[in-house]
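Only one structure is covered here, and it is reproduced in the block below.
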Protein chains: 2
Amino acid sequence: MSLPHAILTALLEKPSSGLELTRRFDRSIGYFWSATHQQIYRELGKLEQAGHIRALPAQAPARGQKKEYEVLPAGRAELAAWVRRSEDPKPIRDALLLRLRAAAVVGTEGFGDELRRHLALHRAQLAEYLAMEERQFPPERDSEADRLRHLVLRGGIELERFWTAWLTEALAEFDRRDC
Amino acid sequence: MSLPHAILTALLEKPSSGLELTRRFDRSIGYFWSATHQQIYRELGKLEQAGHIRALPAQAPARGQKKEYEVLPAGRAELAAWVRRSEDPKPIRDALLLRLRAAAVVGTEGFGDELRRHLALHRAQLAEYLAMEERQFPPERDSEADRLRHLVLRGGIELERFWTAWLTEALAEFDRRDC
DNA sequence: CGTCCTTGTGCAACAAGTTGCATAAGAATC
DNA sequence: GATTCTTATGCAACTTGTTGCACAAGGACG
């Protein structure tokens, strides 16, 4: 039940149309929550019906026409309540770790390349986050909310650092064996 | 499409019944892939129909009767093919990071306690993994496959270390503000 | 002997996420 | 003025994961 809350957060930060939201979910919001445009449009419909958001007027509600949404007080209240609810961390479900475990049983042939590919992807992601950090959070200019958002971004950054470190270690192990 | 492969891997490591699998998914397998018993039973049925596994004979196929499964050659082949397929890492979807970002907008009241709770949970998980590491991977007694499995476990360990470190940092930030 | 607990398997309904495609306005191109 | 590209919204079908409950065998207890 997190997607509606992700959308409410995004809309509070800045009212947007479905496609704009999709783009934001592909970039900044993407480092802690991902979603496709289908999910987003569907959820926007539900949120509107529930009275949590509304379409800004002055736009014809026609197909192919941009439709901007803003959060209503009820939506903000729902988001605040959700933030206060306590929720256990979800258990991990990582396909790469699983595949490595499977490789331990059926053979590792070709798996080194896959590890290298992932390493490159995570390095690229890390570089992107670091660039975002420099752009969005220059030193000594943090408001209250900025400091929290920075903390969230640092979470994304450290996660990517974890992956690059682990993949590097894994590759070292592989190279020691294959040569 | 990873659950069937997780089950194949588990069954190759040791033939098991549905409930035994469920228990293994709650412990060792759980640090890279989680699943409920419902998912497991459903998937066992599908895998059997697909000819990837079979129930060991000598057991009446009655309700409430234990039913052990083993992997057939076709299942092993499917698993090997899956390990060789390349698959991109899935984008992150973490509810706690999302909630912190939401808290930056609607207020952080009470969120420190939630962070502390998560920190305790992750510390406990980390301790458990470290105990597993000592038990299952004593120094200098690694086979080929053991080294890979150890690598996977170290992934789980480092992930928990990441969380404890990030949560500690986040709490420091919170305490600086609240006092 | 009845009922209660544990172990074990499983159905059904639902919720969340994914994939493929349809539709439509408007601008660009020729 | 017909075609094609981009921006934008959306439906339908499917797959995956979750929740709640039902059913059954066997042992434990009084």
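When reading the values below, keep in mind they use all heavy atoms of this one structure, side chains included, and skip hydrogens, waters and symmetry mates. Since the structure is predicted, the reported quantities are computational estimates derived from the model, not experimental observations. In the text below, chain A, chain B and the rest are named by the order of the sequence lines, each starting its count at 1.
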Dump every N/O contact between nucleotides 12-16 of chain D and the protein below 3.5 Å, one line per pair.
none

Which residue pairs pass the salt bridge (charged side-chain N to carboxylate O under 4.0 Å, His left out) test when at least one of the two sits in residues 20-36 of chain A, sequence neighbours left out?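 Matches after skipping sequence neighbours: A/Glu13-A/Arg24, A/Glu20-A/Lys66.
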Once salt bridge (charged side-chain N to carboxylate O under 4.0 Å, His left out) is applied, what residue pairs with a partner in residues 36-50 of chain A remain, sequence neighbours excluded?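 Checked against salt bridge (charged side-chain N to carboxylate O under 4.0 Å, His left out) - neighbours excluded - no pair reaches residues 36-50 of chain A.
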What is the distance, to the nearest angstrom, from the [atom1] atom on [X] to the [atom2] atom on [N]?
{"X": "B/Asp26", "N": "C/dG8", "atom1": "CG", "atom2": "P", "result": "14 Å"}
{"X": "B/Asp88", "N": "C/dT18", "atom1": "CG", "atom2": "C1'", "result": "15 Å"}
{"X": "A/Lys90", "N": "D/dT19", "atom1": "NZ", "atom2": "C1'", "result": "13 Å"}
{"X": "B/His37", "N": "D/dC23", "atom1": "NE2", "atom2": "P", "result": "16 Å"}
{"X": "A/His5", "N": "C/dA15", "atom1": "NE2", "atom2": "C1'", "result": "14 Å"}
{"X": "B/Phe25", "N": "C/dG8", "atom1": "CZ", "atom2": "C1'", "result": "17 Å"}
{"X": "A/Tyr69", "N": "D/dT9", "atom1": "OH", "atom2": "P", "result": "8 Å"}
{"X": "B/Leu56", "N": "C/dT9", "atom1": "CG", "atom2": "P", "result": "12 Å"}

Side chains of B/Trp166 and B/Leu96: does their closest heavy-atom pair fall under 4.5 Å?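 Side chain of B/Trp166 against side chain of B/Leu96, heavy atoms only: contact under 4.5 Å found.
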Run the side-chain hydrogen bond (donor to acceptor under 3.5 Å, both in side chains) test against A/His5 and tell me which residues pass, sequence neighbours left out.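 Applying side-chain hydrogen bond (donor to acceptor under 3.5 Å, both in side chains) to A/His5 gives A/Glu78.
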Close approaches to DNA chain C from residues 11-22 of chain B, in residue order (heavy atom, under 4.0 Å):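 The answer is B/Ser17, B/Gly18, B/Leu19.
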Using atom types as modelled, flag every donor-acceptor pair under 3.5 Å from a side chain in residues 29-36 of chain B to any protein atom, sequence neighbours excluded.
residue	atom	partner	partner atom	Å
B/Tyr31	OH	A/Arg101	NH1	3.1
B/Ser34	OG	A/Arg93	NE	3.4
B/Thr36	OG1	B/Gln39	N	3.4

Set of residues satisfying ring-ring contact (aromatic ring centres under 6.0 Å, His included) with respect to A/His118, sequence neighbours excluded: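 Testing A/His118 for ring-ring contact (aromatic ring centres under 6.0 Å, His included), a comparison that skips the adjacent residues, returns none.
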Taking only side-chain N and O atoms of A/Tyr41, does any of them lie within less than 4.0 angstrom of OP1 or OP2 on D/dG10?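 No, because none of the side-chain N or O atoms of A/Tyr41 sits under 4.0 Å from OP1 or OP2 of D/dG10.
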Looking at B/Lys67, I'd like to know whether one of its side-chain N or O atoms comes within less than 4.0 Å of OP1 or OP2 on C/dG10.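 Answer is yes, contact under 4.0 Å.
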Selected nucleotide, minimal atom distance to B/Arg23 side chain, candidates D/dT9, C/dG10, C/dT7: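 The nucleotide sitting nearest to the side chain is C/dT7.
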Distance-minimising heavy-atom pair for B/Leu167 and B/Leu115: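 Heavy atoms only, the tightest pair is CD2-CD2, 3.7 Å.
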What donor-acceptor contacts under 3.5 angstrom involve side-chain atoms of residues 81-91 of chain B, with partners at least two apart or in another chain?
residue	atom	partner	partner atom	Å
B/Trp82	NE1	B/Glu87	OE2	3.4
B/Arg84	NH1	B/Ala80	O	2.7
B/Asp88	OD1	A/Arg117	NH1	2.7
B/Asp88	OD1	A/Arg117	NH2	3.2

Can you list every pair that meets ring-ring contact (aromatic ring centres under 6.0 Å, His included) and has a residue in residues 131-159 of chain B, with sequence neighbours left out?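 Passing the test, one end in residues 131-159 of chain B: B/Phe137-B/His150.
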